[in-house]
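Here's the structure we're looking at; comments come further down.
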Amino acid sequence: MKKILISIIALAGFLNVSAQENTSAEPTKKLTLEEANLVSSYYHQDGNNSAVTGGIGSEKLTDLSNSIDVTLVQYDRKQRKNTFGISAAIDHYTSASSDMIDLKANSSASHADTRIYPSLSWSRENEAKGTTLMGGVSYSTEFDYQSLGAHIGFAKKTPDRMGEFSAKFQAYLDQVKLVAPIELRTGTGKEHDNYGTSGRNTFAVSVSYSQIINHNLQVEILADGVRQTGFLSLPFHRVYFTDGSVHQEALPDTRFKLPLGLRANYFLGDNIILRTYYRYYTDDWGLKSNTVSIETPVKISPFVSVSPFYRYYSQTAAKYFAPYQQHTAFDDFYTSNYDLSKFDSHFYGAGIRISPKNGLFGIERLNMLEVRYGHYTKSVGMKSDIISLNLRFK
């Protein structure tokens with residue numbers, strides 16, 4: 001973490017110099033840096049329901065993530081605000097469950113992997129008309145999964161600027177490498193085998209409407225329709241039948257998801273905000289869930305605030321789920337992945353944000369440091385912890 005922090009400070013200093021050099025007498029015509037966020041996080045989990053070993057076994061996993069998000073702004077000749085977002089992120093994880101794809105190996109290549117995922121976004125806001133157009137592309141790659149994404153969208157403010165409707169269409173075209181458990185492979189079973197790939201496509205339409213009710217209350221209604229097609233199983237997930245035989249996870253090649261949400265923010269004076277959220281989810285695999293969360297940022301000084309948060313989640317089991325050695329040969333589809341089981345979960349923690357008037361580490365434009373910690377527990381025995389560090393340059 002020390003090396004990460006030093007790298008972040010060095011990069012922030014470089015951005016500070018660059019921003020000063022790009023100062024122009026005509027800022028409305030030049031591309032300017034609005035802000036840059038550098039985020040590092042460390043995640044650790046453990047449990048005993050690994051889908052790789054059929055719903056039993058270690059779920060121990062660690063993940064170290066680093067990302068940078070840069071926002072650039074330019075006003076064109078028609079005084080429309082063009083916002084460009086550039087993001088680059090890299091995750092490196094180690095996983096005890098993935099290591100068990102090969103049950104006989106002391107440690108296999110699948111015990112660790114690195115994911116790289118850059119993205120580009122653009123929006124054009126016509127402030128006079130209250131309209132915004134947006135679009136973007138993304139890419140993600142790791143050893144057994146590649147994804148290419150794109151989105152387009154539109155937003156329109158009401159005449160009094162108190163409300164806004166937005167709609168977005170997203171598409172993800174993925175390729176899944178068919179890495180089977182070693183005992184189910186038809187080849188030599190060695191790491192250098194040509195596994196082959198299969199496609200998975202996701203299409204989503206998202207709509208929302210936000211409204212400022214009064215000086216204290218803002219609300220937003222959200223709805224999504226998500227359609228997935230293709231290879232929706234994970235090839236290295238084992239399923240053990242009642243007769244002791246082992247099989248690859250088998251799930252339908254289509255799935256429709258419908259999440260509906262409501263968000264409300266209430267301002268208790270100048271120092272406290274209540275941020276609440278509720279979501280109902282249902283899909284055609286029989287899974288239904290409810291999510292309730294609350295976060296309460298509290299300003300304890302002009303430059304320091306704390307944000308305790310709590311989220312409760314509950315879901316029913318998908319109709320294709322059964323625990324270890326509970327499926328039979330009469331089942332057309334089967335999984336022992338506990339992400340599709342019935343469970344409740346709790347996620348709670350807090351963040352602290354520091355925004356000194358004269359900047360951080362002697363850099364005036366480095367104006368915010370935030371540290372967040374969260375602890376997560378599932379009723380099926382899994383637990384995890386995450387800590388993140390965010391530095392903002394503006």
Side-chain angles (χ1 to χ4, degrees), residues 42-65 91-115 140-147 174-198 200 231-251 317-318 320-329 331 333-343 345 376-386:
Y42 175 78
Y43 172 85
H44 174 77
Q45 75 172 40
D46 204 356
N48 294 294
N49 297 118
S50 169
V52 177
T53 45
I56 59 173
S58 175
E59 295 178 85
K60 187 174 290 185
L61 180 146
T62 61
D63 181 89
L64 181 62
S65 175
D91 294 353
H92 180 76
Y93 71 84
T94 59
S95 170
S97 62
S98 294
D99 202 27
M100 297 306 292
I101 294 173
D102 185 346
L103 294 172
K104 296 180 180 180
N106 292 325
S107 182
S108 65
S110 56
H111 87 284
D113 200 1
T114 299
R115 181 167 74 106
S140 176
T141 181
E142 53 190 301
F143 171 70
D144 62 341
Y145 204 93
Q146 282 75 45
S147 177
D174 306 339
Q175 286 292 316
V176 183
K177 188 170 289 187
L178 302 177
V179 183
I182 192 166
E183 68 272 27
L184 298 178
R185 298 178 191 174
T186 56
T188 62
K190 295 181 179 179
E191 291 291 339
H192 55 72
D193 280 351
N194 182 9
Y195 298 107
T197 61
S198 187
R200 174 186 300 174
F231 188 79
L232 303 186
S233 309
L234 281 176
F236 49 83
H237 282 181
R238 292 178 176 88
V239 178
Y240 289 90
F241 284 12
T242 54
D243 61 4
S245 59
V246 60
H247 304 263
Q248 278 182 282
E249 178 181 78
L251 291 167
Y320 310 118
F321 171 82
Y324 179 76
Q325 287 193 336
Q326 296 297 309
H327 280 290
T328 72
D331 297 331
F333 301 107
Y334 36 85
T335 180
S336 293
N337 181 359
Y338 272 74
D339 287 344
L340 297 174
S341 71
K342 179 181 179 181
F343 68 86
S345 71
Y376 176 80
T377 60
K378 266 186 182 181
S379 58
V380 291
M382 199 200 87
K383 60 183 179 180
S384 68
D385 297 275
I386 183 169

Would you please indicate yes or no on a ring centroid separation below 6.0 angstrom for Tyr43 and Tyr93?
no
Minimal heavy-atom distance between Lys342 and Val380, with the atoms involved, is O-CG1, 3.9 Å
In Å and rounded to the nearest 0.5 Å, what is the CG to OH distance from Asp113 to Tyr145?
13.5 Å
On a heavy-atom basis, which atom in Ser336 and which in Ala322 lie closest, and how many Å separate them?
OG-O, 2.8 Å
Going by side-chain hydrogen bond (donor to acceptor under 3.5 Å, both in side chains), name the residues that satisfy it together with Asp144, two or more places apart in sequence or in a different chain.
none
Between His327 (side chain) and Tyr240 (backbone), is there a donor-acceptor pair under 3.5 Å?
no
If you define the side chain from C-beta out and look only at heavy atoms, does anything of Val179 sit under 4.5 Å from Phe143?
yes
Residue pair Tyr338 / Met382, side-chain heavy-atom distance below 4.5 Å:
no
Flag, side chain of Arg115 to backbone of Thr141, donor-acceptor distance under 3.5 Å
no
Please report the shortest heavy-atom distance between Leu340 and Phe321, naming the atom on each side.
O-CB, 3.6 Å
Are any of the side-chain heavy atoms of Ile101 and Arg185 separated by less than 4.5 Å?
yes
Could you give the distance from CG (Asp46) to OG (Ser384), rounded to the nearest 0.5 Å?
10.0 Å
Heavy-atom check, side chain of Phe343 versus side chain of Ser379, under 4.5 Å:
yes
Note, Gln248 side chain near Pro181 side chain (heavy atom, < 4.5 Å):
yes
What closest approach, in Å, do Asp243 and Ser245 show between heavy atoms, and which atom pair accounts for it?
OD1-OG, 2.6 Å
For atom NZ of Lys177, is the number of surrounding heavy atoms from other residues, nucleotides or ligands below 6.0 Å larger than 12?
yes
As an exercise, state the distance from OG of Ser50 to NE2 of His237, rounded to the nearest 0.5 Å.
7.0 Å
Between the side chains of Thr62 and His44, is a donor N or O closer than 3.5 angstrom to an acceptor N or O?
no
Quick one: OH on Tyr334 to OG1 on Thr328, what's the gap to the nearest 0.5 Å?
10.5 Å
Any side-chain heavy atom of Lys378 sitting closer than 4.5 Å to one from Asp339?
yes
When rounded to the nearest 0.5 Å, the distance separating OG of Ser95 from CE of Met100 is 11.0 Å
What's the separation between atom CG in Leu61 and atom OG1 in Thr94, rounded to the nearest 0.5 Å?
6.5 Å
Mind checking whether Thr335 and Ser233 have side chains closer than 4.5 Å, heavy atoms only?
no
Sequence neighbours excluded, the answer for side-chain hydrogen bond (donor to acceptor under 3.5 Å, both in side chains) partners of Gln175 is Thr197
Indicate yes or no for a side-chain donor-acceptor contact from Arg238 to the backbone of Gly55 under 3.5 Å, with no hydrogens or angles considered.
no
